[in-house]
Amino acid sequence: MKRTHLCGELTQDDIGQHVVVCGWVNRRREHGEHLAFVDLRDHSGVVQCVVDNSVDVRSEYVLEISGTVTQRPDGTINENLSTGQIEITDAEVNILSVAEPPPFPMDDRADDVDEMVRLRHRYLDLRRPRMQRNLRVRSQVNAAVRSAMVNQGFVEVETPMLMPTTPEGAREFIVPSRQRPGSFYALPQSPQLYKQLLMVSGLDRYFQIARCLRDEDLRADRQYEFMQLDMEMSFVDVDDVLSAVEVSVLDAAEAVTGVRPDEIPRITWHEAMNRFGSDKPDLRFEMELVELTDVFSATDFKAFATAESIKGINAPGAAADWGRNKLDALTDTAKSFGAKGMVWIKVGADGSFDSPVAKFMSETEQQELAKRLGASEGDLLLMIADDWLTTCEVLGELRNRMGRPPVSQGPYRYVWVVDFPLFVGVDATSGLPRPGHHPFCHPHPEDFELLESDPTKVRAWAYDLVLNGWELGSGSIRIHDPELQRRVFDILGISRDEAEERFGFFLNPFKYGAPPHGGFAYGLERLAAILAGEENIREVIAFPKPQSGLDPMTGAPGLVDEGQLTELGLAVLPPPVD
RNA sequence: GGUCCCGUAGUGCAGUCUGGAGUGCACGCCGCCCUGUCAAGGCGGAGGUCGCGAGUUCAAAUCUCGUCGGGACCGCCA
């Protein structure tokens, strides 16, 4: 090895040693012909090298520098540098590569550079300390999660990337088959099918750090391809799954931050909706939804008189920031989430109400309203009246808009949301309940008798893990009993023939003895991004894609030649004309 | 499929509302000077299809329409 030390690792303990370091020129400072400073950078940090003669090295040249580690002279110590006590003197410079000036600086000034420029030169962007750190966070998360699962007796199994298409769920990426032109594989949205079959196979405890692909629109927390900790276990209840997952999450968090989070609290889906208006509540701030239905039980205010549920939130001190135009826009926002309207009240001096609808409320109603919401001067009160779910959901959105910090900021607030409903609402055309998660979720046994009579009240053994308002992942106990599965399909209006056609290859193996089982999967980029203090998972992915899905560095996707198409039995249609 | 925001030198911006010569700032880059600097300093210099295309106008970075690219979000993501 040519290199004896890493740049950032040199300390006063190395004084007097002859060392060889390799890296990139972070900065060069020349002082005439006989003195120059070269800050040499590798992934570990930067060290200053003192060159006693003129040497033509520019930013990002790759150098091998040999010299002697020396205590810096008095008054030249750099407190901002971990190696600032020492420097490499009598430096001999060997240029390993020359470099053109990079399009942006290799430090945090490039945080402000247009992300497309960074992605086009991602190999340079990744040289920056922030990105080096983020990739290493990913690696720490992967390592901690893998060993947490192995230590708990889970077996790592790799499942196929080429699998049959399935009609359910996210849009799939499709791969044409050469040996059977006209036939197609799909890339996995998740290893869901295989992991449940592995339970039938008696693996008992399976996990995989699995690549998943979904051809859906991209977002700050969504890429076409992403990694999940995917797991499944047999002969377990909800507690067993949650605690196994929790160990891996806490281990990963501890590995990155050095602090082990407390045990993750649990709330039910109903409580999450009722208090925070969201199934992924951000617990870093209060502003809880306040129950007001009974306050207006005999009101003259028409908009409130017939509503099933009335709730409100108090944005403390926000009145001054919200002028009439902004409040009108906020009302439109509330409507876009399904509300019929939004009531706002600015609290003035002596608790007086400034609101277009205050005159419709009685004195008693106003006083009780103010008391429930803890209103004081300068506060902005927002209220929604609708059916319970709409009221909760709309206020939850408003709560996030009024108070939610950036996802990366502040403490880490994990929460398990449990007892999701088995069905969510009723399909408008068919009148049939719609599955909340997927049709294989195990109903909560306490609610079995409601399955046919009042299906939307049935809870499922289904659960999500939430961190700072981001859904990290979800899972459930699965149905392993064909009779129960048949019952759920009946409720969903799925006939025996249809079930056989759509799910047969998946469910038929259960005839041969399926153990009770359940599992979970969570997004590793989402966890890593928040642990790294990033608001966007692209920042913890080496080569991510922008919202268009087009890769600015490689140009993918691209055309293929006619021969490839012919071999696959494919022809490309002309673009549709509008 | 939809809503909103953005596009000016290698990079980040100002200029656009209220049309008047590519007017300007910072960093970077190039050259010279400089023996203790450290996101060095001094002097000088180069660098522009104002995303692209139409339109209005005597005149467009600026106004209008279209289009391309980017971002946040809604839909979508069982």
Side-chain angles (χ1 to χ4, degrees), chain A residues 26-41 46-54 56 58-60 70 72-81 83-84 87 89 99-121 124-125 166-172 189-190 192-193 212-224 226 329 332-333 335-338 397 400-401 406-407 420 422-424 434-441 460 462 471 473-474 476 492 502-503 521 523 535-536 538 545-550 552 578:
Chain A
N26 201 51
R27 208 90 203 159
R28 168 204 57 160
R29 294 175 295 279
E30 281 198 347
H31 296 255
E33 289 179 34
H34 302 295
L35 178 64
F37 299 101
V38 174
D39 291 341
L40 198 68
R41 181 192 72 242
V46 169
V47 65
Q48 172 168 282
C49 307
V50 185
V51 184
D52 289 328
N53 46 29
S54 183
D56 188 20
R58 306 296 169 110
S59 289
E60 301 308 311
T70 310
R72 288 199 188 194
D74 286 347
T76 66
I77 286 164
N78 185 347
E79 302 288 352
N80 298 321
L81 206 58
T83 60
E87 59 193 4
T89 53
E100 290 181 16
F104 48 81
M106 298 294 112
D107 57 35
D108 53 17
R109 280 175 296 186
D111 290 349
D112 297 325
V113 171
D114 186 308
E115 193 180 359
M116 282 299 277
V117 176
R118 292 173 53 207
L119 292 181
R120 205 170 291 130
H121 304 277
L124 295 179
D125 193 35
T166 50
E168 317 303 313
R171 185 183 295 118
E172 298 165 311
Q189 316 161 35
S190 87
Q192 184 72 30
L193 306 176
C212 305
L213 298 105
R214 295 179 187 173
D215 189 3
E216 299 287 352
D217 289 358
L218 279 40
R219 291 284 164 75
D221 59 352
R222 282 157 35 181
Q223 283 276 304
Y224 281 153
F226 59 98
D332 288 342
T333 303
K335 286 178 178 170
S336 75
F337 288 114
E397 290 288 345
N400 279 341
R401 266 156 215 263
V407 66
F420 268 71
L422 187 64
F423 306 107
V424 177
R434 293 176 307 190
H437 191 48
H438 57 57
F440 315 116
C441 265
E471 179 190 319
S474 59
S476 62
L492 291 169
R502 283 167 63 182
F503 310 117
E535 289 169 34
N536 189 312
R538 293 191 294 272
K545 291 177 178 61
Q547 225 166 52
S548 63
L550 311 179
D578 294 329

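Letters go in sequence order (proteins before strands), and every chain restarts at 1.
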Using whole Å, report how far [atom1] of [X] lies from [atom2] of [N].
X      : N     : atom1 : atom2 : answer
A:D108 : B:G28 : CG    : P     : 14 Å
A:Q48  : B:A39 : CD    : P     : 10 Å
A:N80  : B:A40 : CG    : P     : 12 Å
A:L35  : B:U37 : CG    : P     : 10 Å
A:E30  : B:C33 : CD    : P     : 10 Å
A:F337 : B:U3  : CZ    : C1'   : 11 Å
A:K335 : B:G75 : NZ    : P     : 19 Å
A:E397 : B:C73 : CD    : P     : 11 Å

Is [X] reaching over with its side chain to a backbone N or O of [Y], donor-acceptor style, under 3.5 angstrom?
X      : Y      : value
A:R171 : A:E216 : no
A:T83  : A:V46  : yes
A:E60  : A:A99  : no

- Can a donor-acceptor pair be found between the side chains of A:Q547 and A:R222 at a distance below 3.5 Å?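 No pair is found: no donor N or O on one side chain lies under 3.5 Å from an acceptor on the other.
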
- Query: Are A:E172 and A:T166 linked by a side-chain donor-acceptor pair shorter than 3.5 Å?
  - Reply: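 Present: a donor and an acceptor within the cut-off.
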
- Task: Write down the distance separating the P atoms in B:U11 and B:G1, rounded off to the nearest Å.
- Result: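 Roughly 31 Å separates the two P atoms.
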
- Message: Measuring only the C1' atom in each nucleotide, how far is B:C50 from B:U8? A whole number of Å is fine.
- Response: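 Their C1' atoms lie roughly 4 Å apart.
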
So, is [X] close to the [N] phosphate, meaning a side-chain N or O under 4.0 Å from OP1 or OP2?
X      : N     : value
A:R219 : B:C76 : no
A:R29  : B:A40 : yes
A:Q547 : B:A72 : yes
A:S548 : B:G69 : no

- Query: With a 4.0 Å cut-off, would you call A:D56 and A:R58 a salt bridge?
  - Reply: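 Salt bridge: yes.
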
- A:K545 vs A:F440, nearer the 5' end of RNA chain B by closest nucleotide: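 The residue closer to the strand's 5' end, by nearest nucleotide, is A:K545.
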
- Message: Both A:R538 and A:Q189 contact RNA chain B. Taking the nearest nucleotide for each, which residue is further toward the 5' end?
- Response: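 It is A:R538 whose nearest nucleotide is closer to the 5' end.
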
- Item | Residues in salt bridge (charged side-chain N to carboxylate O under 4.0 Å, His left out) contact with A:R118, at least two apart in sequence or another chain |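 By the salt bridge (charged side-chain N to carboxylate O under 4.0 Å, His left out) rule, A:R118 matches A:D125, A:E539.
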
Taking a pair as Watson-Crick or G-U wobble with both distances under 3.5 Å, which nucleotide is matched to [N]?
N     : answer
B:A14 : B:U23
B:C50 : none
B:C43 : B:G31

Any N or O donor-acceptor pair linking the side chain of [X] to the base of [N] at under 3.5 Å?
X     : N     : answer
A:E87 : B:G36 : yes
A:E33 : B:U35 : no
A:N78 : B:C38 : yes

- Minimal non-hydrogen separation, A:Y224 against A:K545, with atom names: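 For A:Y224 and A:K545, the tightest heavy-atom pair comes out as CD1-CD, 4.0 Å.
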
Does [X] reach a base, just sugar-phosphate, or nothing at all? Heavy atoms under 4.0 Å.
X      : value
A:A220 : sugar-phosphate
A:R222 : base
A:N536 : sugar-phosphate
A:R434 : nothing
A:P73  : base
A:T76  : base

Measure all distances between protein nitrogen or oxygen atoms and nitrogen or oxygen atoms of nucleotides 29-31 of chain B, and list the pairs falling under 3.5 Å.
residue, atom, partner, partner atom, Å
B:C30, OP1, A:R58, NH1, 2.6
B:C30, OP2, A:R58, NH1, 3.3
B:G31, OP2, A:R58, NH1, 3.3
B:G31, OP2, A:R58, NH2, 3.2

- Of all residues at least two apart in sequence or in a different chain, which pass the ring pair (Phe, Tyr, Trp, His ring centres under 6.0 Å) check with A:F37?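 Expected list: A:H31.
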
- Message: Test of understanding: with side-chain hydrogen bond (donor to acceptor under 3.5 Å, both in side chains), list the residues that count as partners of A:T70, not counting sequence neighbours.
- Response: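 Testing A:T70 for side-chain hydrogen bond (donor to acceptor under 3.5 Å, both in side chains), a comparison that skips the adjacent residues, returns A:T89.
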
- Query: Can you name the residues that form a side-chain hydrogen bond (donor to acceptor under 3.5 Å, both in side chains) with A:D107, not counting sequence neighbours?
  - Reply: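 Per chain and number, A:D107 pairs via side-chain hydrogen bond (donor to acceptor under 3.5 Å, both in side chains) with A:R109.
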
Would you tabulate the pairs of protein nitrogen or oxygen atoms and nucleotide nitrogen or oxygen atoms of nucleotides 11-16 of chain B closer than 3.5 angstrom?
residue, atom, partner, partner atom, Å
B:U11, O4', A:P103, O, 3.3
B:G12, OP1, A:D114, N, 2.7

